[in-house]
Colleague: 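Take this structure first; my questions come after.
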Protein chains: 2
Amino acid sequence: MRESKRKRLESKGWRFGTAAEFLHLSPEEAAYVELKAKLANNLRARRERKRLTQQGLARLVKSSQSRVAKMEAGDPSVTLDLLIRALLALGASNREIAKTISLSHGASAS
Amino acid sequence: MRESKRKRLESKGWRFGTAAEFLHLSPEEAAYVELKAKLANNLRARRERKRLTQQGLARLVKSSQSRVAKMEAGDPSVTLDLLIRALLALGASNREIAKTISLSHGASAS
DNA sequence: ACAGAATATATCAGTCCTGACATATTGTCA
DNA sequence: TGACAATATGTCAGGACTGATATATTCTGT
């Protein structure tokens, strides 16, 4: 990876031990990122299905529009805790959350 | 709930808006606590199956024995993030984690 | 192209979580 | 029972995350 790209990504909160790790995440890291992405996508799907704006969802979960945007983007500054709490606030059950996690990556949300 | 009991529980990190909320958690709160408990139980089961001590698991996940104990106890100071990262470090797949989450509460881990 | 709404990105002070450490309790085996 | 290992509980400084705010960018209809 080009040095400039690493710098740019690091400035956004993504961390790498070495440049080579970028496309060679450890299995745990990869699984973690994928998990987060699935929950993020599902959050957006649920919000849109309810025809809520990010602002509206922010009120519902007592957060802010900007943080909701970061949740849906799977931003590294957002924890699984926050994502899951938001999903629960939107009425998702644990079973539905589990289903989301098992879904093949890229599949649309229920 | 008696004031003394509330105080004691609050000192351990559990928070209540009012005393009445103790046995009447909101659906989200209940789901969150249950989710945490399932992951915590599964973590202990996986560790024991591998015949690791808490100390050993702590080294594996770069944490400490005391924090591992707290993870397995579902302590309020432990996030889902930490629990899930620990499970992934023990080799659990996202699908297995999802399965754990769907399992009926109290069931033993796979 | 323009205006207004929705979403994305940047920054930051305060809060919460973390690992580490100390210590207490429980479990186990002789 | 006593010695030792394992687990539980308490505390805390430092770092990570949060909501808020400001601003930029993208989207949508006209």
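When reading the values below, keep in mind they use all heavy atoms of this one structure, side chains included, and skip hydrogens, waters and symmetry mates. Order of the sequence lines fixes the chain letters, A, B, ..., with proteins taken first and strands second; residue numbering starts at 1 for each chain.
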Colleague: A/S64 near the nucleic acid: base, sugar-phosphate alone, or nothing, with a heavy-atom cut-off under 4.0 Å?
Modeller: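 It contacts base atoms.
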
Colleague: Verify the contact: side-chain N or O of B/Q55 to OP1 or OP2 of D/dA6, cut-off strictly under 4.0 Å; return yes or no.
Modeller: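 For B/Q55, the contact criterion (side-chain N or O under 4.0 Å from OP1 or OP2 of D/dA6) is not met.
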
Colleague: Can you tell me which nucleotide in C/dA20, C/dT18, C/dA8 comes closest to the side chain of B/S66?
Modeller: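 The answer is C/dA20, which lies nearest to the side chain.
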
Colleague: Could you check whether B/R44 gets within reach of a base, just the sugar-phosphate, or nothing at all, counting any heavy atom under 4.0 Å?
Modeller: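 Since only primed, P, OP1 and OP2 atoms lie under 4.0 Å of B/R44, the category is sugar-phosphate.
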
Colleague: Could you go through B/Q54 and B/Q65, starting from their C-alpha distance and side-chain angles, then the distance that decides it, and tell me whether this counts as side chain to side chain donor-acceptor pair (under 3.5 Å)?
Modeller: CA-CA 5 Å; B/Q54 290 183 344; B/Q65 178 269 325; 2.9 Å; yes

Colleague: Between atom CG in A/L80 and atom C1' in D/dT18, what is the gap in whole Å?
Modeller: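 The distance from CG of A/L80 to C1' of D/dT18 comes to 15 Å, rounded to the nearest Å.
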
Colleague: Take the protein atom CD of B/Q54 and the nucleotide atom C1' of C/dA24, then report the distance between them rounded to whole Å.
Modeller: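 My rounded result for the distance is 14 Å.
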
Colleague: In this structure, how many angstroms lie between the P atom of C/dC17 and the CG atom of A/L82, rounded?
Modeller: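 Result: 12 Å.
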
Colleague: Which is true for B/R47 with a 4.0 Å heavy-atom rule: it touches a base, it touches only sugar-phosphate, or it touches nothing?
Modeller: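 The residue B/R47 makes sugar-phosphate contact but no base contact.
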
Colleague: Taking the side chain as every heavy atom from C-beta outward, state whether A/R67 and A/L82 have any pair of such atoms under 4.5 Å apart.
Modeller: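 A side-chain contact exists here, since the closest heavy-atom pair is under 4.5 Å.
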
Colleague: Categorize A/Q65 for me: base, sugar-phosphate, or nothing, with a 4.0 angstrom heavy-atom threshold over every strand shown.
Modeller: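 Base: the residue A/Q65, judged by heavy atoms under 4.0 Å, touches a nucleobase.
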
Colleague: Using atom CG of A/D75 as one end and atom P of D/dA16 as the other, report the distance to the nearest whole Å.
Modeller: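 Going from A/D75 (CG) to D/dA16 (P), I get 15 Å.
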
Colleague: Please state how far atom CZ in A/R67 lies from atom P in C/dA13, giving the value in whole angstrom units.
Modeller: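 Taking CZ of A/R67 and P of C/dA13, I get 15 Å after rounding.
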
Colleague: Looking across every strand, which nucleic acid part, if any, lies under 4.0 Å from A/V78 by heavy atom: base, sugar-phosphate, or nothing?
Modeller: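 Result for A/V78 = sugar-phosphate.
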
Colleague: Nearest whole angstrom, please: distance from the C1' of C/dG19 to the CG of B/L57.
Modeller: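 Rounding to the nearest Å, CG of B/L57 and C1' of C/dG19 are 14 Å apart.
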
Colleague: Measuring to OP1 and OP2 of C/dG19, would you say a side-chain N or O of B/S63 lies under 4.0 angstrom away?
Modeller: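 So the side-chain polar atoms of B/S63 do come within 4.0 Å of the phosphate oxygens OP1 or OP2 of C/dG19, strictly under.
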
Colleague: Check the distance between D/dA6's P and B/E48's CD and give it to me in whole angstrom.
Modeller: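 After rounding, the reported distance stands at 13 Å.
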
Colleague: Testing B/I84, B/I101, B/T100 one by one against A/I101 for a side-chain contact (heavy atoms from CB on, under 4.5 Å), which residue passes?
Modeller: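 Output: one option passes, namely B/I101.
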
Colleague: Taking the side chain of A/T53 as heavy atoms from C-beta outward, which of C/dT18, C/dT7, D/dA8 is closest to it?
Modeller: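 Of all the options, the side chain of A/T53 is nearest to C/dT7.
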
Colleague: Between C1' on D/dC17 and CE on A/M71, what's the gap in Å once rounded to a whole number?
Modeller: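 About 11 Å, once rounded to whole Å.
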
Colleague: Tell whether B/K70 reaches the base of D/dG10 with its side chain through a donor-acceptor pair below 3.5 angstrom.
Modeller: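 Per atom types, the contact qualifies.
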
Colleague: By the 4.0 Å heavy-atom rule, please label A/K62 as base, sugar-phosphate, or nothing.
Modeller: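 Sugar-phosphate contact only.
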
Colleague: Would A/Y32 and A/L80 count as a side-chain contact (heavy atoms from CB on, under 4.5 Å) here? Give the steps.
Modeller: CA-CA 9 Å; A/Y32 177 80; A/L80 294 179; 3.6 Å; yes

Colleague: Quick check against the 3.5 Å criterion: does A/R44 have a side-chain atom that pairs as donor or acceptor with the backbone of A/E72?
Modeller: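 Not a single qualifying donor-acceptor pair exists.
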
